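Heads up: the structure comes next, in structure tokens.
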Amino acid sequence: MSELLARKTLRASSLVTMTLFGMVLVSLGLQRQALAQGTYMSAEDAKQYQDCLKLARLKPEDGFESAIAWRDMGGGEPAKHCVAVALIALEKYEEAATRLDALADESTSPQQVVAGLLAQAGQSWMMAGNLEFAWRDQSRALGIVKNDPTLWVDRAMVLGMAGQYWDSIDDLNNALDLDPNNVEALIYRGTAWRMLETYDLAMTDIQRALELSPQNIQALFERANLHRINKDNDLARQDYLTVIENSNGTPVADAARANIEKMDVQTGSE
């Protein structure tokens, strides 16, 4: 794993894509974990848990205070998890990850829930920029639950951000063996193939992702990158403009706009 830490540099477009996916996966992971934990509660406790999570997401400062109060009144694991959710919403990723690690270690919940806590901790470490701890927690989660494609995608994302593209592809292959129509896995694998300069396989994965999800912003952005590499600037521009139109103000839209400007500069200098 020490080699992983020595290889953190990515091209800007791939970093934007993977970072944006990281945010999405954290959000989806929290939703899955809420459902998993809610299964093992009374109806009253489950409602309080859902209300706490909603407040943590919409008004994280208020949510954090509410979750702390609930924890101090004996709210147990759900309250502690809600505290971590609020910290993620506040972008305090390292503190959230530390709390999630501790909660996973002390949890008496079923193994599925523990794996979910570790997966979220890994995502939070990733958002904090600590890829070693992210990889550690995602690997621990996979040691508990091997048949969840999302866990394989999570770890593949960390490996990709560290520049370990072949290892990332191995994890994505495992995810796609479990779920052949997993759009995120296809896009990540396409990105990894692009970084390895295997452009035909990259385009195959991205086109398949767009067949499954025609308006997927990340897939359109990645296809634009491939068109640009192939000198198909008109097609690249079309996809970049679609990304900007449908996600203006986001990091991926900013990257699309910057790539259009680079193409214009290159065209003007020829």
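Heavy atoms only: backbone and side chains are in, while hydrogens, waters and symmetry mates are out. Quick caveat, the model's predicted, so the values are computed rather than measured.
A ring pair (Phe, Tyr, Trp, His ring centres under 6.0 Å) check over residues 138-157, counting only residues at least two apart or in different chains, returns nothing. Residue pairs meeting the disulfide bond (SG atoms under 2.5 Å apart) criterion with at least one member in residues 62-91, sequence neighbours excluded, are Cys52-Cys82.
Contacts of Lys59 classified as side chain to side chain contact (heavy atoms under 4.5 Å, CB included), with partners at least two apart in sequence or in another chain: Leu55, Asp62. With sequence neighbours excluded, no residue forms a salt bridge (charged side-chain N to carboxylate O under 4.0 Å, His left out) with Glu61. Applying the salt bridge (charged side-chain N to carboxylate O under 4.0 Å, His left out) rule to Asp101 yields the partners Arg136; only residues at least two apart in sequence or on another chain are considered. For Asp177, there are no salt bridge (charged side-chain N to carboxylate O under 4.0 Å, His left out) partners two or more places apart in sequence or in a different chain.
Counting heavy atoms from C-beta outward, Met157 and Asp171 have side chains that stay 4.5 Å or more apart.
The backbone N or O of Gln164 sits nowhere less than 3.5 Å from a side-chain atom of Ser168 that would complete a donor-acceptor pair. Looking at Asp232, its side chain never comes within 3.5 Å of a backbone N or O of Leu235 through a donor-acceptor pair. A distance-only check finds no donor-acceptor pair linking the side chain of Ser213 to the backbone of Ala209 [under 3.5 Å].
Around atom CD of Glu44, no more than 12 heavy atoms belonging to other residues, nucleotides or ligands sit under 6.0 Å away. The neighbour count for Asp105 CG, taken as heavy atoms of other residues, nucleotides or ligands under 6.0 Å away, is above 12. Around atom CD of Glu94, no more than 12 heavy atoms belonging to other residues, nucleotides or ligands sit under 6.0 Å away.
Once rounded to the nearest 0.5 Å, the distance linking NZ of Lys92 with OG1 of Thr98 reads 13.0 Å.
Here the closest non-hydrogen pair linking Val145 and Gln112 is CG2-CA, 4.4 Å.
A salt bridge does not link Asp205 to Arg194: none of the charged side-chain nitrogens sits closer than 4.0 Å to a carboxylate oxygen.
Using a 30° and 60° split on the angle between ring planes, Tyr49 and His81 fall in the tilted class, from 30° to 60°.
The same ILVMFWY cluster, assembled from side-chain heavy atoms under 4.5 Å apart, contains both Leu151 and Ile144. By the rule that hydrophobic residues join a cluster once side-chain heavy atoms approach within less than 4.5 Å of another member, Leu90 and Met126 end up as members of separate clusters.
Side-chain atoms of Gln123 and Asp154 form a donor-acceptor pair, as typed in the model, at a separation below 3.5 Å. Side-chain atoms of Tyr240 and His227 include no donor-acceptor pair closer than 3.5 Å.
The side chain to side chain contact (heavy atoms under 4.5 Å, CB included) test with Leu220 is passed by exactly one of Gln218, Glu222, Arg223: Arg223.
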